[in-house]
Number of protein chains: 2
Amino acid sequence: MTPLRTNATSVAKERLRLWLNMLKAVRHVENDVRERLRAQYQMTLPQFDVMATLHNHPEGLRMSDLSQQLVVSNGNVTGIVERLVADGLAERENLESDRRASLVRVSEKGNALMDEMVVVHREWIDEIFQDISEPDAARAISIMLDIRQRRCA
Amino acid sequence: MTPLRTNATSVAKERLRLWLNMLKAVRHVENDVRERLRAQYQMTLPQFDVMATLHNHPEGLRMSDLSQQLVVSNGNVTGIVERLVADGLAERENLESDRRASLVRVSEKGNALMDEMVVVHREWIDEIFQDISEPDAARAISIMLDIRQRRCA
DNA sequence: GAAGAATACTTTATACCTCAACTGACTCGT
DNA sequence: ACGAGTCAGTTGAGGTATAAAGTATTCTTC
């Protein structure tokens with residue numbers, strides 16, 4: 001067994017371990033946040049994700065902008081926005097400039113709610129991540145970016 | 001604005017940024033792996049996750065062990081294992097010691113497949129994570145553990 | 001300026017996923 | 001024993017998810 005091969009498999013194992021731990025950590029946080037959302041706001045996690053994204057873009061977003069921001073499929077967004085509109089939390093408007101597309105934005109009711117929820121949500125995350133120092137967070141962010149920014153579709 | 005408050009909100013923002021980046025990174029990797037699984041093995045990601053876990057425990061696992069390992073709900077595992085058994089990749093056996101429970105393990109056919117897939121999967125992850133050095137991986141793993149190991153239910 | 005390619009989005013089929021309620025089985029105190 | 005409480009697992013309803021196919025619209029290119 002050459003040292004080269006040993007090192008290569010050693011890195012590979014560590015990367016796999018990282019991946020499995022990322023998965024568990026994300027699910028752990030998602031479960032925590034999901035439960036709080038349900039208990040305190042009767043809202044699902046995907047619905048909140050969409051609302052939070054819309055809240056960051058008061059000018060409105062297209063369906064494809066949403067699916068790209070959230071890294072989910074196109075058809076997925078259709079259903080979630082449908083429910084949000086039905087609940088009066090979001091609105092859709094046809095675009096004159098491109099009749100295939102439409103703009104989605106938070107409704108007045110949704111905006112008032114999100115003004116509050118965004119603050120509360122940040123506090124939740126702050127609590128869940130309380131053991132993570134600012135330098136650790138910065139370091140981890142940079143690693144997360146490295147993972148995503150690999151050349152690909 | 002006191003410096004204390006400034007620092008507190010600064011850390012909170014960085015933690016939120018970390019959370020959002022973790023989410024995107026995980027979805028990115030999941031999408032990549034999901035596509036390869038579908039194209040090369042006609043298997044879904046959750047099914048692979050279950051099979052890989054079972055493959056690591058040749059003696060077999062109970063349903064609740066599986067859901068705990070994968071950080072998913074109990075009812076979820078029921079459906080996935082159902083499909084795996086239907087496809088002949090896994091087997092279930094009633095436990096004499098506890099007639100409420102049952103053991104799940106990979107079938108002979110599933111074992112042969114997983115012997116190969118586990119290696120290929122590690123290569124995929126190694127490729128996707130190729131920009132992550134071993135020290136970075138180790139550091140990130142420790143941060144992921146910190147996130148999970150906070151006291152909670 | 002019309003055929004063809006590309007785009008934005010929806011729809012359908014299938015699989016996942018949680019939660020809450022439920023069934024059947026174990027445990028334990030009395 | 002035996003009933004209250006607990007535990008392993010399933011079920012059903014509702015809500016995500018993806019992939020693939022389909023629709024309408026816009027762009028492109030000659």
Side-chain angles (χ1 to χ4, degrees), chain A residues 23 26-51 60-87 89 92-104 153, chain B residues 23 26-51 60-87 89 92-104 153:
Chain A
L23 210 49
V26 163
R27 287 184 185 163
H28 172 81
V29 176
E30 277 186 336
N31 287 343
D32 195 330
V33 173
R34 189 197 337 273
E35 168 144 0
R36 299 189 202 222
L37 278 172
R38 187 174 40 81
Q40 297 180 36
Y41 291 99
Q42 295 79 49
M43 189 182 285
T44 66
L45 191 48
Q47 284 169 14
F48 173 76
D49 286 343
V50 168
M51 286 297 285
L61 286 175
R62 293 159 164 237
M63 300 297 277
S64 45
D65 294 332
L66 271 174
S67 58
Q68 199 170 346
Q69 285 264 340
L70 300 172
V71 197
V72 299
S73 74
N74 231 326
N76 187 7
V77 173
T78 299
I80 298 173
V81 168
E82 226 165 42
R83 279 171 217 111
L84 290 174
V85 170
D87 290 346
L89 296 173
R92 294 186 64 166
E93 177 196 342
N94 292 337
L95 272 183
E96 294 178 14
S97 57
D98 187 340
R99 291 190 307 178
R100 294 168 301 181
S102 60
L103 262 194
V104 192
Chain B
L23 210 48
V26 163
R27 288 184 184 162
H28 171 80
V29 176
E30 278 187 336
N31 287 343
D32 194 330
V33 173
R34 187 194 339 272
E35 168 143 1
R36 299 189 202 220
L37 278 172
R38 187 175 40 78
Q40 296 179 36
Y41 292 97
Q42 294 80 49
M43 189 183 284
T44 67
L45 191 47
Q47 284 169 12
F48 174 77
D49 286 343
V50 168
M51 286 297 286
L61 287 175
R62 288 145 82 118
M63 299 298 277
S64 45
D65 294 333
L66 272 173
S67 59
Q68 201 171 345
Q69 285 265 340
L70 300 171
V71 196
V72 299
S73 73
N74 230 325
N76 187 7
V77 173
T78 299
I80 297 174
V81 168
E82 225 165 44
R83 280 170 218 113
L84 290 175
V85 170
D87 290 346
L89 296 174
R92 295 186 64 165
E93 175 194 344
N94 291 337
L95 271 183
E96 294 178 15
S97 58
D98 187 340
R99 289 190 309 178
R100 295 169 302 181
S102 60
L103 263 195
V104 192

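These numbers come from the heavy atoms of this one structure, side chains and all, not from hydrogens, waters or symmetry mates. Each chain gets a letter, A, B and so on, in the order its sequence line appears, and its residues count up from 1.
Relative to the side chain of A/R99, the nucleotides D/dT10, C/dC9, D/dT26 differ in distance, and D/dT26 lies closest. Distance from the side chain of A/I80 is smallest to D/dT16 among C/dC9, C/dA25, D/dT16. Each of C/dA8, C/dT10, D/dT18 was ranked by its minimum atom distance to the side chain of A/A101; first place goes to C/dA8. Listed nucleotides: D/dA8, C/dT10, D/dA17. Nearest to the side chain of A/T78: C/dT10. Side-chain proximity of A/D98 to the nucleotides C/dA25, D/dG9, C/dA8 is greatest for C/dA8. The A/R100 side chain lies nearest to D/dA24 when the options are C/dT11, D/dA24, D/dG9. For B/S73, whose side chain is taken as the heavy atoms from C-beta onward, the closest listed nucleotide among C/dC9, C/dC17, D/dG9 is C/dC17.
Put simply, CD on B/E96 is 12 Å from P on C/dC26, counting in whole angstrom units. Nucleotide D/dT16 holds its C1' atom 13 Å from the CD atom of A/E82, rounded to whole Å. Atom-to-atom, CD of A/E93 to P of C/dC9 comes out at 13 Å; the value is rounded to the nearest Å. Atom CG in A/D49 sits roughly 17 Å away from atom P in D/dG15 (whole-Å rounding). The separation between A/M43 atom CE and D/dG14 atom C1' is 16 Å, rounded to whole Å. D/dA17 atom P lies 10 Å from atom CG of B/L23, rounded to whole Å.
For B/D98 (side chain) and B/R100 (main-chain N/O), a donor-acceptor pair under 3.5 Å exists by modelled atom type. At least one donor-acceptor pair closer than 3.5 Å links the side chain of A/R27 to the backbone N or O of B/L70. The backbone N or O of A/P46 sits nowhere less than 3.5 Å from a side-chain atom of A/D49 that would complete a donor-acceptor pair.
Nucleic acid contact class of B/R92 (heavy atoms, under 4.0 Å, all strands): sugar-phosphate only. Residue contacts for B/G79: at a heavy-atom cut-off of 4.0 Å it reaches no nucleic acid atom on any strand shown. Nucleic acid contact class of B/L45 (heavy atoms, under 4.0 Å, all strands): none. At a threshold of 4.0 angstrom between heavy atoms, the contacts of B/R38 are confined to the sugar-phosphate backbone, with no base atom among them.
Where A/R27 and A/N74 each meet DNA chain C at their nearest nucleotide, the meeting point lying more 5' is that of A/N74. Taking for each of A/S97 and A/R83 the nucleotide of DNA chain D with the nearest heavy atom, the 5'-most of the two is the partner of A/R83. Projected onto DNA chain C by closest heavy-atom contact, B/V77 and A/N76 fall at different nucleotides, the more 5' of which corresponds to A/N76.
Interatomic distance, OG1 of A/T78 versus CG of A/L66, reported as 10.0 Å (0.5 Å rounding).
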side-chain contact (heavy atoms from CB on, under 4.5 Å) between B/R62 and B/S102, worked out: CA-CA 6 Å; B/R62 288 145 82 118; B/S102 60; over 6 Å; no

